[in-house]
Amino acid sequence: MPELPEVETVVRRLRAVLVGAKLRSTECLDPKLKSRKLTRHQGEVLQVRREGKNILVDFSGGNSLKFHLRMTGNLIWEKARTKTAIGGAILHPSTEAHLRCRLNFDRGEMRFIDVRRFGTVELAPSRLVRAELPVDPVEDTLTGEVLQRLIGKSRQAIKVWLLRQDRLVGVGNIYASEILFDCRVDPRREAAALSPAELKALARSTVKILNKAIECCGTTFSDFHNPDGESGKFQSFLKVYQHDQQPCRRCKSPIKRLVQAQRSTFYCAKCQQ
DNA sequence: ATTATATCCTGATCGC
DNA sequence: TGCGATCAGGATATAA
């Protein structure tokens, strides 16, 4: 489930292989994605970057390909091979079944693979894509004061609020639970009711957990892989997510699961107040 | 204005 | 062995 760390992992790898590459053609296998604009697009890649959970591939000529992986999307890079008698790249059968889009570059092929087909790709002018953004929580610029301003008078539970991409981009369901465990804040607390000290701790934990996850190249539960097909490593550092009934790492009391806004939340009722 | 809910999809898993 | 029900969660459209 790609959240900010998984998307950042993809962006870093794609940047290394795509900058300077020339897009020759694009083939959409999923009719849901097919657009004339997209399939006619060509050009040289200037940059690959991330805005929240969006992946932006900037092209010469002022347009950008904008990908969103949603739940199960993967961007896989297949380096061009020397021509063989067989010719063309060989696809793993399970991969082929969920191949939605293939982008042919001069130096290889990028494949957009997505089991549940929630993911999106569109072509948009780069400058429009660069519209003003919500706060990106990777940098130390996320402070308690900033959180306080963003939260305002919101009465949503803090766990639900953390998932709001219109205020703070990048946090998803897995990291929201992990962040709140790290700073010992109860996920059911009303956002606007958190004290300045709690907001400071929340800001610090958010930056800390997301950066740690980026270092680990993300979390792989079932679907996520980087463009080289490798899994993330952060799943071994998860302390509450999917740890229902297991002893808390700090106090040994059983981790609880609850549902907020139709999403699972995991927390320790004793540690998190 | 904010907040809650239904929807988009498919595969894995579970109970019968 | 299979069959239907349920769950997984990012973001948006719609409802309240």
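Computed from heavy atoms alone, side chains included, the values below leave out hydrogens, waters and symmetry copies. Just so we're on the same page: letters track the sequence lines, and every chain starts at 1.
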Interatomic distance at P, B:dC9 relative to C:dC3, whole Å: 24 Å
Nearest-angstrom distance, P atom, C:dA11 to B:dA1: 23 Å
Phosphate OP1/OP2 of B:dT2: any A:Lys153 side-chain N/O under 4.0 Å: no
Members besides A:Tyr267 in its Ile/Leu/Val/Met/Phe/Trp/Tyr cluster (side-chain heavy atoms under 4.5 Å): A:Leu258
Value in whole Å for how far the C1' atom of C:dA8 lies from CG of A:Asn173: 9 Å
Pairing of A:Glu145 and A:Arg149 as salt bridge, 4.0 angstrom limit: no
Integer-rounded Å distance: C:dA13 P and A:Gln165 CD: 15 Å
Qualifying salt bridge (Lys or Arg N to Asp or Glu O under 4.0 Å) pairs, either residue in residues 252-271 of chain A, two or more places apart: none
Nearest-angstrom distance from the residue atom CZ of A:Arg164 to P of B:dT2: 7 Å
Basic-acidic side-chain contact under 4.0 Å: A:Asp186, A:Arg188: yes
Phosphate OP1/OP2 of B:dT3: any A:Ser154 side-chain N/O under 4.0 Å: yes
Separation of atom CZ in A:Arg167 from atom P in C:dA11, rounded to whole Å: 15 Å
Nucleotide nearest A:Ser264 when distance is taken to its side chain, options C:dA8, C:dA11, B:dT3: C:dA8
Would you tabulate the nitrogen or oxygen pairs shorter than 3.5 Å linking the protein to nucleotides 6-10 of chain B?
| residue | atom | partner | partner atom | Å |
| --- | --- | --- | --- | --- |
| B:dC9 | O3' | A:Arg117 | NH1 | 3.3 |
| B:dC9 | O2 | A:Arg116 | NE | 2.6 |
| B:dC9 | O2 | A:Arg116 | NH2 | 3.3 |
| B:dC9 | N3 | A:Arg116 | NH2 | 3.1 |
| B:dT10 | OP1 | A:Arg117 | NH1 | 2.8 |

Pairing of A:Glu51 and A:Arg49 as salt bridge, 4.0 angstrom limit: yes
Separation of B:dT3 C1' from A:Lys159 NZ (nearest whole Å): 15 Å
Spacing between A:Met71 atom CE and C:dC7 atom P, to the nearest angstrom: 15 Å
salt_bridge(A:Lys37, A:Glu122) N-O dist < 4.0 Å: no
Charged N-O contact under 4.0 Å between A:Glu78 and A:Arg111: yes
Value in whole Å for how far the P atom of C:dA11 lies from CG of A:Leu69: 10 Å
A:Gln242 CD - C:dC7 P separation (whole Å): 14 Å
